[in-house]
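Worth saying up front: this structure is predicted, and the values here are computed from it rather than measured. We number each residue from 1, following the sequence as shown.
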Amino acid sequence: MLAAGAVFVMWAVATLTFFAIRLIPGDPAEAILGGPGSQASQEALDQVRRDYGLDQPLLVQYLAMLARLVTGDLGTSYALRTPVADLLGGQLGGTMLLAVLALLVAWILALGLSLWSTGRARVAAAVGEGIELTAAALPHFWLAAVLIAIFSTGLDWFPPIATGTPAGLVLPVATLAIPLAGFLAQVMRESLLDALQQPFVVSARARGENTTGLRLRHTIRHASLPAISLSGWALGWLLSGAVVVETIFAMPGLGRTLLQAVTLRDVPVVTGVVLLVALVYVVMTVVTDVASRLADPRLRQEGAR
């Protein structure tokens, strides 16, 4: 069942991408010959359409694409004349590093904020909730501009663009992590408040457990379960946010590659990037499901029935 669902997701993504990219104005044949500024002759354009099957009906092109994908062939980039698989292989590492680091930072920030804001005075809880809502609503492009203005232009702590060093990753990671942390913190806080009302908390207090021990040994695992389940979605969301962040910070990666491919109507590259992101999402969904079962004994018992 899981394999069938994964295949369906990949097929749906490939289909939507194929038809959506063709709604963008422009001629793919021009992209193959160097773009609208190439001044290619009509004969050259007609030859390219024949060579790449662009003169065929749309349904025929669609079925040909599916046949290639089934064999693992992502095609060749129109603009770069490079196999799409090789192109994506060279860009995947940077984007995954950015997304994974942002997810880890978001988890740390969300966990710290939710632990701080629960079980305290009403004012502290209101402040924590306000921080969560504000962080979750911040758009990436605005947050990136603010972080660059403060920590690069103003304080000169970090470079404004990616430099290939750890310092160059700080602002891009923060740009992706802060909005996600706000969202995860809301989920964790609600779950933590629910956990504090459970009978096992009353039993732990009766055994003399202090507040710190109660949170670290009992409620934190319960509070993290919804956030663990959302981590697969979160990584997919971070990969989509990488389009903006990699462009702003001039980082090589899948995000910039996708943006350039859409601009040039480079259909094989667009399809390859979107399919790769969908595959990462499917894999992370499986991983988070396993992690949820390991963290929650009740889920393991349900799976064993």
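Pairing each heavy atom of A99 with each of L238, the nearest pair is O-CD1, 3.3 Å. The heavy-atom pair separating L171 from P159 by the smallest distance is CD1-O, 3.7 Å. Here the closest heavy-atom approach between residue S77 and residue V84 is recorded as N-CG2, 3.8 Å. For the pair L258 and V243, the tightest heavy-atom approach, listed with the atom from each and the gap, is CD2-CG2, 4.1 Å. Of all heavy-atom pairs between A185 and A110, the closest is N-CB, 3.5 Å. Here the closest non-hydrogen pair linking V269 and A261 is CG1-CB, 3.5 Å.
Tracing side-chain contacts under 4.5 Å through hydrophobic residues (I, L, V, M, F, W, Y), one never reaches L103 starting from I108; they form parts of separate clusters. Hydrophobic clustering, with ILVMFWY side chains joined whenever heavy atoms are under 4.5 angstrom apart, groups V9 together with L279. Linking Ile, Leu, Val, Met, Phe, Trp and Tyr residues whenever their side-chain heavy atoms come within less than 4.5 Å places V146 and L138 in a single cluster. Hydrophobic clustering (side-chain heavy atoms under 4.5 Å, transitive across Ile, Leu, Val, Met, Phe, Trp, Tyr) keeps L63 apart from V70. In the hydrophobic cluster analysis, where Ile, Leu, Val, Met, Phe, Trp and Tyr join through side-chain heavy atoms closer than 4.5 angstrom, L176 is grouped together with F141.
Taking OG1 from T247 and CD from Q260, the interatomic distance works out to 8.0 Å, rounded to the nearest 0.5 Å. Taking CD of E246 as the start and CG of L254 as the end, the distance is 6.5 Å to the nearest 0.5 Å. Once rounded to the nearest 0.5 Å, the distance linking OG1 of T257 with CG of L92 reads 10.5 Å. Summarising the geometry, atom CG belonging to L180 is positioned 10.5 Å from atom CH2 belonging to W107; distances are rounded to the nearest 0.5 Å. Taking OG1 from T76 and CG from L87, the interatomic distance works out to 10.5 Å, rounded to the nearest 0.5 Å. Note that CG of L98 and CE of M251 are 4.5 Å apart. Values are rounded to the nearest 0.5 Å.
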* Check the pair F18 / L58 against side-chain contact (heavy atoms from CB on, under 4.5 Å), numbers first and verdict last. => CA-CA 10 Å; F18 177 85; L58 196 60; 3.9 Å; yes
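Side chain of S152 to backbone of A149: no donor-acceptor contact under 3.5 angstrom is found.
No side-chain heavy atom of F158 sits under 4.5 Å from any side-chain heavy atom of L147. Counting only heavy atoms from C-beta outward, the side chains of W11 and L66 approach each other to under 4.5 Å. Using a 4.5 Å heavy-atom threshold, the side chains of L169 and L97 count as touching. In this structure, the side chains of F249 and I148 come closer than 4.5 Å at one or more pairs of heavy atoms. Side-chain contact between P252 and Q91 is present, with heavy atoms from C-beta onward closer than 4.5 Å. In this structure, Y62 and L59 have side chains that are in contact, with non-hydrogen atoms separated by less than 4.5 Å.
Each of L74, L276, V13, T17 was checked for a side chain to side chain contact (heavy atoms under 4.5 Å, CB included) with T271, and the lone residue meeting it is T17.
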